[in-house]
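For reference, the structure is listed below as structure tokens.
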Amino acid sequence: MVEPATDTIAATRLVPLLKDELDIVIPTIRNLDFLEMWRPFFEPYHLIIVQDGDPSKVIKVPEGFDYELYNRNDINRILGPKASCISFKDSACRCFGYMVSKKKYIFTIDDDCFVAKDPSGKAINALEQHIKNILSPSTPFFFNTLYDPYRDGADFVRGYPFSLREGAPTAVSHGLWLNIPDYDAPTQLVKPLERNTRYVDAVLTIPKGTLFPMCGMNLCFDRDLIGPAMYFGLMGDGQPIGRYDDMWAGWCTKVICDHLGLGVKTGLPYIYHSKASNPFVNLKKEYKGIFWQEEIIPFFQAATLSKDCTSVQKCYIELSKQVKEKLGKVDPYFDKLADAMVTWIEAWDELNPSGASAKDSNGKA
Ligand SMILES: O=c1ccn([C@@H]2O[C@H](COP(=O)(O)OP(=O)(O)O[C@H]3O[C@@H](CO)[C@H](O)[C@H]3O)[C@@H](O)[C@H]2O)c(=O)[nH]1
Ligand SMILES: [Mn+2]
């Protein structure tokens, strides 16, 4: 039986890496008591809390954390009409936190995710592992059968081309979950009691040309390398689909990472996901996505970006045009989504003017 760790205090001996270069983004409709368990790992970092739902509700943040909190009124005030691209009443709202951050790295986590234990019973500092993943190269161009060659105790295996051993910059570190796995609603309904107790001690680079279902529950990325692609789409209130926010961002991100020669890793770290959301509610949210994705995936698999697409923004705008042209015929929703993708980039560039002076260690321009 996997339980959440309780001895996190003992587990924190390392100086917090990237303390002034990383923001932790949390979407929430609840109080943030879960932070107590993460305190030893998270307290040194700045939090960006995106409060979803009723902005008049007061969200209690435990004492001692350095944070900024944005509710829907703040989003509307800051973005004006462009706020239309930020979802309401869906965890997709978290991408607003990516946009307002001034730091190089983002770690995003759900408020029902707790500190997990590794097989030895040690508390897992998920943030520390993500930082190791994101600071070491990826190997998207040739698969290393001994997994991450940059980890202590591993290396490139025989036959791995030396010309490729420098690897590629890592843009994304995708963590996993013990206890409640991130299953879709049909799988949840068929296997309501299934719990993930399998701890796999591996970090893998997802090969170039391969898509993956990105989960936003336990995710870290380099904002400078791939931030503008991390738009979590139009979900929730007033939209025909939900729970495809992170997936959409992941598909766009992977196509752009492949084009720009950036790496995406998945595997460690694990968090302990404590709450299964309601499978019937999830089925309603996912319903259209379950058959739309049979068109969406071939679209992303076939997507190519021209050589003029030399920045994430240019790639993303190019992708939005292809979404409009090729997915617009699947459903008018994709027309709207393609427009929202453009609005997102406009808002991103407004809040993050390119060529802004170098950001100091506190991420202030
Ligand atoms: O309307 C909402 C609902 C929730 N949130 C916040 O978002 C996260 C996730 O919420 P929850 O844990 O209840 O839902 P899950 O189904 O476990 O979420 C995962 O499934 C995918 C949904 O797209 C995604 O991969 C995960 O988020 C919590 O922090 C809630 O407080 C919200 O902001 N608005
Ligand atoms: Mn959850």
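First listed ligand is number 1; within each ligand, the first listed atom is number 1. Counting begins at 1 with the first residue of the sequence.
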Note the single closest protein heavy atom to atom 1 (O) of ligand 1, along with its residue, its atom name and the distance in Å. Lys89 C, 3.1 Å
List the closest protein heavy-atom neighbour of atom 34 (N) of ligand 1: residue, atom name, distance to the nearest 0.1 Å. Asp52 OD2, 2.7 Å
Do Tyr287 and Phe291 make the cut of ring centroids closer than 6.0 angstrom? yes
Would you confirm whether Ser173, through its side chain, and Cys220, through its main-chain N or O, come within 3.5 Å as a donor-acceptor pair? no
Protein residue, atom and distance nearest to atom 7 (O) of ligand 1, heavy-atom basis: Ser91 CB, 3.0 Å
Does His273 bring an N, O or S atom to within less than 2.8 Å of the Mn ion (ligand 2)? yes
Check whether any side-chain heavy atom of Asp148 sits under 4.5 Å from a side-chain heavy atom of Arg151, and report yes or no. yes
Phe65/Phe42 aromatic ring centres below 6.0 Å: no
Does an N or O from His273, backbone or side chain, lie closer than 3.5 Å to an N or O of ligand 1? yes
Minimum distance, heavy atoms only, to atom 11 (P) of ligand 1: which one of Met217, Met235, Arg30, Gln188 is it? Arg30
Strictly by modelled atom types, are His130 and Asn218 linked by a side-chain donor-acceptor pair under 3.5 Å? yes
Going by atom types alone, do Asn179 and His273 pair a side-chain donor with an acceptor below 3.5 Å? no
So, regarding Pro27 and ligand 1 (criterion: nitrogen or oxygen to nitrogen or oxygen, under 3.5 Å), is there a contact or not? yes
Non-hydrogen atoms of Met247 versus ligand 1: any pair closer than 4.0 Å? no
Using distance alone, determine whether Ile29 and ligand 1 share an N or O pair under 3.5 Å. yes
If two hydrophobic side chains count as joined below 4.5 Å and joins carry through other members, does Ile86 share a cluster with Ile49? no
For Gly216, the ligand 1 atoms with a heavy-atom partner under 4.0 Å come out as 25 (O)
So is Arg94 close enough to ligand 1, meaning a heavy atom under 4.0 angstrom away? yes
Looking at the Mn ion (ligand 2), is there an N, O or S atom belonging to Asp112 that lies under 2.8 Å away from it? yes
Quick check on Gly236 - does any of its heavy atoms sit under 4.0 Å from an atom of ligand 1? no
Ignoring hydrogens and angles, state whether a donor on the side chain of Lys314 or Ser306 is under 3.5 Å from an acceptor on the partner side chain. no
Starting from atom 20 (O) of ligand 1, what is the nearest protein heavy atom, named by residue and atom, and what distance separates them? Arg243 NH1, 3.1 Å
Identify, by atom number and element, the atoms of ligand 1 in contact range of Lys275, meaning under 4.0 Å from any of its heavy atoms. 13 (O)
Would you say Asn133 and Gln129 are linked by a side-chain donor-acceptor pair, where the criterion is simply a distance under 3.5 Å? yes
Which is closest to atom 23 (O) of ligand 1 in terms of heavy atoms, Asp246, Asp110, Ile180, Asp245? Asp245
Identify the closest protein heavy atom to atom 15 (P) of ligand 1: which residue and atom is it, and at what distance? Ser277 OG, 3.5 Å
Could you tell me, atom by atom, which parts of ligand 1 come under 4.0 Å of a heavy atom of Cys215? 25 (O)
among protein heavy atoms, the one nearest atom 28 (C) of ligand 1 is Asp111 OD1, 3.3 Å
Among protein heavy atoms, which lies nearest atom 12 (O) of ligand 1, and at what distance? Asp112 OD2, 2.9 Å
I want to know whether Phe221 and Tyr98 have ring centres closer than 6.0 Å. yes
Name the orientation class of the two ring planes belonging to Phe300 and Trp251 (parallel below 30°, tilted from 30 to 60°, perpendicular beyond 60°). tilted
Are Asn144 and Thr139 linked by a side-chain donor-acceptor pair shorter than 3.5 Å? no
